[in-house]
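Note sheet for the following structure.
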Amino acid sequence: MHNIKDLRKNLNIYKKKLSDRNFHLKTELFKNLDDHNRKLVSEKEKLEQEKGILSKSKDQSNFDKSKKISEQISKLSKEQIISQKKLNDLLFILPNLAQDDVPIGKDEKSNKIIKQYGKIKEFSFKLKSHTEIGLKDNNIDFETASKLSGSRFVILKNKIALLERALINFMLDIHTTKFEYTEISPPLIVNEDVMFGTGQLPKFKDDQFEINFENSDQRKYLIPTAEVVLTNLVRKSVINKNLLPLRFVASTPCFRKEAGSYGKDTKGMIRQHQFYKVELVSIVEPKDCNKELDRMLSCAKEILNKLEIPYQIVLLSSGDMGFSSEKTYDIEVWIPSENKYREVSSCSSCGSFQARRMGAKYKSQNGNEFLGTLNGSGLAVGRLMISLLENNQNKDGSITIPNALKKYMNNLDKIE
RNA sequence: GGAGAGGUGGCCGAGUGGUUGAAGGCGCACGCUUGGAAAGCGUGUAAACGGGAAACCGUUUCGAGGGUUCGAAUCCCUCUCUCUCCGCCA
């Protein structure tokens with residue numbers, strides 16, 4: 001969410017920068033809503049002031065007058081609430097602005113490849129996709145999963161299930177011990193306002209799973225990413241500056257409807273309704289956002305370096321970034337069967353955009369100011385596993401376990 | 001699931017219809033005091049929104065929302081969270 005005073009003052013700059021994000025801001029509409037709202041607010045306050053003075057006296061001769069003013073106030077304030085709501089409806093769906101060094105473009109075609117790492121392996125035999133690999137002993141079982149839960153679910157078995165668990169523990173250990181992230185085991189169901197805080201609501205309601213609790217007015221949602229809970233750990237609070245930066249890591253299942261992608265990636269584990277992800281979140285002073293983004297990116301890269309999987313870093317264009325982001329680097333791993341790179345991580349700085357939605361502040365010299373928030377996958381487990389299985393496959397159908405992972409795999413050298 | 005008790009400022013805690021944004025304390029900041037510190041004394045100490053170049057002014061906020069009243073932290077209703085006891089359960 002943007003600072004409305006700043007928006008008001010620099011309306012045309014915002015219009016231009018929002019259009020870089022594929023958002024068309026109707027400036028006239030905004031101006032009208034805002035002016036109208038402020039007019040109502042000031043009228044209301046004037047009446048309230050009058051009423052305040054009358055209420056302080058016990059003079060009965062004023063009671064009638066006071067009552068009339070109360071009625072007027074109540075009418076005005078209903079109007080004002082409606083106008084505020086209209087204004088909010090517009091304000092709440094404005095995406096964050098891109099930083100100046102973000103390439104301008106309307107979609108992923110304008111993304112910029114920053115650097116590629118590792119060597120893409122040549123296979124001397126006909127390579128298998130992860131779905132084909134999973135057919136062996138039915139260790140990656142889509143059929144049973146769909147019987148139980150429908151499409152876009154999977155059941156992992158035996159050493160493949162172990163591999164998933166191993167990757168999670170491997171990543172958590174690195175982030176907690178080497179990079180000083182605090183491990184969190186969070187709830188997977190959150191309230192509506194928490195989803196609003198990080199920007200999943202109201203705009204992306206269709207991609208969220210809503211949970212019904214009986215006898216409750218509160219809407220609850222399954223988290224689509226641990227970013228939601230980890231970032232909201234500081235919601236509605238004022239953090240002491242000397243506690244910053246805060247760094248959190250969690251491994252959680254993530255739940256997504258994938259509503260807009262019916263025909264896309266229907267085969268395999270690439271796009272599931274439920275998948276594990278190890279998520280990194282940093283809470284910093286806003287001035288440190290870019291420095292922290294670089295640090296976070298290097299934490300995520302470390303995982304792939306240790307697993308010896310080829311990958312590339314991509315700087316997303318203004319049109320391809322997520323709603324709350326001001327700058328995003330994607331990490332994409334090599335998927336041999338598709339002969340292309342696929343996203344396993346998205347590291348974003350959100351500046352104060354989310355903090356403003358959450359009411360998350362820190363004490364600074366100039367009083368309480370909004371924090372900076374960052375989030376990044378470190379990494380998405382399902383896709384990482386796909387990449388590992390495919391890149392490390394051998395002619396005999398076995399999968400070589402990278403050295404760094406062996407101790408997490410009961411010291412196995414290979415999955416036979 | 002049943003019964004009860006609660007939610008007040010950064011924290012603790014008074015306050016049961018009328019200048020209460022809110023006593024008192026702690027904490028914090030500044031000043032005095034001191035060789036220096038502690039103690040002591042004094043002063044100050046919320047946020048959001050609106051107006052203003054600023055000083056500053058106005059409105060709102062005592063878990064959230066609604067109601068009663070000329071007037072609500074205080075009375076009523078709904079929701080929410082915390083705690084205690086009982087029951088049930090991984």
Side-chain angles (χ1 to χ4, degrees), chain A residues 1-11 30-92 94 185-197 201-202 210-221 229 232-244 246 253 283 286 352-371:
Chain A
M1 197 158 66
H2 298 292
N3 179 344
I4 190 165
K5 284 183 185 172
D6 196 48
L7 175 59
R8 209 177 272 149
K9 214 173 355 174
N10 304 303
L11 200 51
F30 168 76
K31 208 172 163 326
N32 290 341
L33 289 173
D34 185 44
D35 287 347
H36 181 60
N37 186 244
R38 280 194 291 168
K39 194 178 130 232
L40 291 174
V41 167
S42 84
E43 278 174 27
K44 190 182 78 165
E45 287 182 358
K46 220 154 106 196
L47 287 173
E48 280 168 341
Q49 189 178 6
E50 260 186 78
K51 178 180 158 181
I53 293 163
L54 290 179
S55 310
K56 277 178 184 141
S57 94
K58 297 181 197 174
D59 184 352
Q60 293 208 7
S61 66
N62 283 329
F63 284 6
D64 266 3
K65 196 173 167 193
S66 180
K67 186 165 186 174
K68 276 203 186 96
I69 294 179
S70 287
E71 281 162 7
Q72 276 177 281
I73 290 174
S74 133
K75 197 178 142 220
L76 253 180
S77 88
K78 272 175 198 149
E79 257 183 82
Q80 193 267 322
I81 286 166
I82 292 168
S83 92
Q84 184 74 58
K85 197 182 165 305
K86 280 187 191 160
L87 184 60
N88 287 349
D89 284 346
L90 177 58
L91 229 44
F92 291 168
L94 302 182
S185 174
L188 307 180
I189 295 173
V190 296
N191 291 329
E192 191 173 20
D193 48 359
V194 169
M195 294 283 276
F196 174 84
L201 293 178
E210 192 176 335
I211 302 286
N212 289 315
F213 275 46
E214 273 179 57
N215 309 321
S216 176
D217 287 352
Q218 285 269 331
R219 287 172 185 276
K220 314 248 187 200
Y221 296 88
V229 244
N232 274 281
L233 289 176
V234 295
R235 72 176 288 104
K236 289 193 198 299
S237 65
V238 182
I239 307 289
N240 256 324
K241 194 174 153 182
N242 58 19
L243 295 174
L244 301 175
L246 295 172
I283 312 291
S352 295
F353 186 86
Q354 292 179 321
R356 196 167 274 117
R357 294 171 85 93
M358 296 189 297
K361 299 192 166 184
Y362 72 105
K363 273 192 212 302
S364 82
Q365 283 89 347
N366 317 321
N368 297 345
E369 293 190 69
F370 289 111
L371 288 158

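Quick note on labels: first sequence line is chain A, next is B, and so on, each numbered from 1. What you see is a predicted model, and the numbers here were worked out from it, not measured in a lab.
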Exercise for the section: Report the residue (A:Lys363 or A:Gly52) whose heavy-atom-nearest nucleotide on RNA chain B is the more 5′ of the two. Expected result: A:Lys363
Practice task
Assign A:Lys5 to base, sugar-phosphate, or nothing according to its heavy-atom contacts below 4.0 angstrom with the strands shown.
Solution key: sugar-phosphate
Practice task
Give a yes/no on whether any side-chain N or O of A:Arg8 is located under 4.0 angstrom from OP1 or OP2 of B:C49.
Solution key: no
Exercise for the section: Can you tell me which stems involve RNA chain B, if a stem is defined as three or more consecutive Watson-Crick or G-U wobble pairs, both distances under 3.5 Å? Expected result: B:1-7 with B:80-86, B:10-12 with B:24-26, B:27-32 with B:40-45, B:46-51 with B:56-61, B:63-67 with B:75-79
Set out, line by line, the N/O atom pairs under 3.5 Å between protein and nucleotides 64-71 of chain B.
residue : atom : partner : partner atom : Å
B:C70   : OP2  : A:Lys67 : NZ           : 3.4
B:C70   : O4'  : A:Phe63 : O            : 3.3
B:C70   : O2'  : A:Ser66 : OG           : 2.1
B:G71   : OP1  : A:Ser70 : OG           : 3.0

Practice task
Check the distance between B:U60's C1' and A:Lys44's NZ and give it to me in whole angstrom.
Solution key: 7 Å
Handout entry: Ionic contact status for A:Lys68 with A:Asp64, cut-off 4.0 Å
Key = no
Fill in the blank from the handout: By nearest-nucleotide position on RNA chain B, the 5'-leaning member of A:Ile4 and A:Glu48 is A:Ile4
Fill in the blank from the handout: When every non-hydrogen atom of A:Lys44 is compared with those of A:Ser77, the smallest separation belongs to CD-CB, 3.4 Å
Problem - Test: A:Glu210 and A:Arg219 ion pair at under 4.0 Å - result: yes
Completion exercise
Whole-Å distance, A:Gln49 CD to B:C49 C1', equals 15 Å
Problem - Ring-face cation of A:Lys241 near A:Tyr362 (centre distance under 6.0 Å, axis angle within 45°) - result: no
Problem - Between A:Gln49 and A:Glu45: side-chain donor-acceptor atoms closer than 3.5 Å - result: no
Handout entry: Distance-only donor-acceptor test, A:Glu45 side-chain atoms vs B:G58 base atoms, 3.5 Å
Key = yes
Practice task
Consider only side-chain N and O atoms of A:Lys220 and A:Asn191, and report whether a donor and an acceptor are under 3.5 Å apart.
Solution key: yes
Handout entry: Lys/Arg-Asp/Glu bridge criterion (N-O < 4.0 Å) met for A:Asp34, A:Arg38
Key = yes
Problem - Whole-Å C1' distance, B:G65 and B:C70 - result: 24 Å
